[in-house]
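Structure first, then comments.
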Amino acid sequence: MLLSKLFGKTQREIPAEADTISHQLLLRAGMIRQLAAGIYSYLPLAWRVISKIESIVRDEMNRAGGQELSMPMLQPIELWQKTGRDLAFGKSLFTLFDRKERQLTLGPTHEEVITDLVSHNVQSYRDLPLLLYQIQTKFRDEPRPRGGLIRVREFTMKDLYSFDADEDGLGQSYGKMLDAYHNIYKRCGLPAILIEADSGAIGGKGSHEFMVIAESGEDEIIYCDGCDYAANAEKAESIKDRADSEQPLPVEEVATPGYYTIEEVSTFLGVPRSQTLKAVFYVADGKLAFVVIRGDIEVNEVKLKNLLHCTELRMAGEDEAIAAGIIAGSASPIGLENVRIVADESVTSGTNFVAGANKADTHLKNVNYPRDFKADIIADISLTCSGEGCPRCGGKLFATQGIEVGHVFKLGTFLSEKLGANYIDAGSVSRPIVMGCYGIGIGRLMAAIVELSHDDKGIIWPMAVAPYQVYLCTLFMENPEVLKAAENLYAELERQGLEVLFDDRIESPGIKFNDADLLGIPLRVTISPRTLEKDSIELKLRSEKKAEIVPLGEAAEIIKKLVLTPQAGSQLA
RNA sequence: CGGGGUGUAGCGCAGUCGGUUAGCGCGCAGCGUUUGGGACGCUGAGGCCGGAGGUUCGAAUCCUCUCACCCCGACCA
């Protein structure tokens, strides 16, 4: 490809709208262009990277036994109503009406469609297991797109669905996918780690995410330094320090005029925050829930949402709390009636707590569970923080930010049951098919690569996904010898099947080198009067500082060898 | 949806107590001189100043409404 003809211009200045590295670099390299919030065009260079990632993904899916197909993006809303997931996705569904006023949605994912499809094509256990996938555009009306390609509203996704006869089969399919995913990230040069995850709107009973550690990531990862435990903060469990255990004392009322927050009350009364109980009010699908948790611990709303099996969860307004008979600032689970009380396990890890008295400017000392109050539900609904104990080995937990580059779910049978996807087992009994689903966002994967593989000059593409393998950089093109040598080498490399971006522009060396660095092509080949004096060319890997001079006659062969070295050019190797 | 911010040329910005024909840098086109890490000179093209309404002799500038985009949060795969 001639750079002079390439669609897409590099930019020297950073566009004001971009503040994550990958967004800035992809824009400056002229690879993407935003059309609306979370909606992007992919220019030729970006599209080549996307295609290469897709090829790797496709290859690994096929190797794992997957069969590629294509399903509609336009989906009747009725299908979603059957599974109830229209509510789970809520406003994230892009919906539209056809001319007959029938409501459709632009597919945010394809469990419904594929389960329906499979229900018509699978009858017997002999048809299972089955791995079906597609690589296709998804639409999700995100509340807030962000970070360039990190979170968008229209994106290409590889989604594979597994269908098995039983849990064991699902386990095997799941295992195959985990292996395939590891291969994909490795081939893309991404050091992705597997962590435990919440299954969110997709539903199901088990889920893992593949993460790459990056500051610009949206997710918080909790990991242990002693063992291999790692989980999304939404899901992570931990061992919290116990508050000191004492003999339970009788409940005592104390005046706390003007002290409302945990911080104020604990300071005023001279007790540690871990010896207080905090009350937080939520509205779950319209019903008030009173949450009690130790004062030094925060509520994990994802855990709470899962516990309450609700589709909408929000903090209650003060007026809603008052309407339920709660005194804000001195709220208490003690003596509260007609309100669902949810307690975190932490209420059992201490004694003689300070809690609200449900009476203005008053708190209670020496509150003990379950002596003084009952909870309708008691469970782990706590947020895990850095520094707490690992639930597996007791080691110390740490927190870091990560980008989710893949998510896999054990769905089980809830979708197949609702959509009638059954099979006949060997004993002629009809059973629901056991499902799993496995997704990778292709564009986000590209952004994650840039996020992890760049320097202050620009992108550093790993060879396997680079838009071109070789950047043929000519200095002083107007010199006929340079022109001739470059054209010959270009032709030779193309003949060898290498992907070459030929910078045939008449520009100063500085511009050419800077553009080469920005675009991040893994191998740069420079031809100039200076190299030709010695009948040679210069080779430089984008990931390396040093350049190397090689004889013109051997150039093509050496270049080919470098290109075929898989880790060439990657900062991640 | 709550909080904050920004909309002026392809990109980055100035101009905003109302006052000629809306500027600067980069980029773009032409000519010339240069050039192994973003050269220089000259010439030139490119703007419904996000949109609508209002105030005024006069609005990029003041007022009202509105739209879009970004960031934080909520939310989210």
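Side chains are part of it too, since the values below use all heavy atoms of this structure and drop only hydrogens, waters and symmetry mates. The chains referred to below are lettered A, B, ... by the order of the sequence lines, with proteins before strands, and numbering in each begins at 1.
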Below 3.5 Å, can you tabulate the donor-acceptor pairs from side chains in residues 31-44 of chain A to any protein atom, sequence neighbours excluded?
residue	atom	partner	partner atom	Å
Gln34(A)	NE2	Tyr40(A)	OH	3.3
Tyr40(A)	OH	His23(A)	NE2	3.2

Would you mind classifying the nucleic acid contact of Arg153(A) as base, sugar-phosphate or nothing, using non-hydrogen atoms under 4.0 angstrom? nothing

When all nucleic acid strands are considered with a 4.0 Å heavy-atom cut-off, which category describes Glu478(A): base, sugar-phosphate, or nothing? base

Atom P, compared across A29(B) and U66(B): separation rounded to whole Å: 44 Å

Regarding Arg146(A), tell me which of base, sugar-phosphate or nothing describes its non-hydrogen contacts under 4.0 Å with the strands shown. base

Straight-line distance of Asp296(A) CG to Ser382(A) OG, nearest 0.5 Å: 10.0 Å

Closest-nucleotide ordering on RNA chain B, the 5'-leading residue of Lys305(A) and Lys540(A): Lys540(A)

NA contact type, Ser92(A), heavy-atom cut-off 4.0 Å: base, sugar-phosphate, or nothing? nothing

Given the C1' atoms of C70(B) and U34(B), what is the spacing between them in whole Å? 42 Å

side-chain hydrogen bond (donor to acceptor under 3.5 Å, both in side chains) evaluation trace for His110(A) with Lys138(A): CA-CA 9 Å; His110(A) 280 70; Lys138(A) 301 281 183 270; 3.2 Å; yes

Suppose we call a contact any N or O donor and acceptor under 3.5 Å apart; does that hold for the side chain of Arg505(A) and the base of G38(B)? no

Taking N or O atoms only and anything under 3.5 Å, show me the protein contacts with nucleotides 7-11 of chain B, one pair per line.
residue	atom	partner	partner atom	Å
C11(B)	O2	Glu13(A)	OE1	3.4

Within the pair Arg144(A) and C72(B), is there a side-chain N or O less than 4.0 Å away from OP1 or OP2? yes

Touch class at under 4.0 angstrom, heavy-atom based, for Glu538(A) against every strand present: base

For G7(B) and C48(B), measure between their C1' atoms and round to the nearest Å. 15 Å

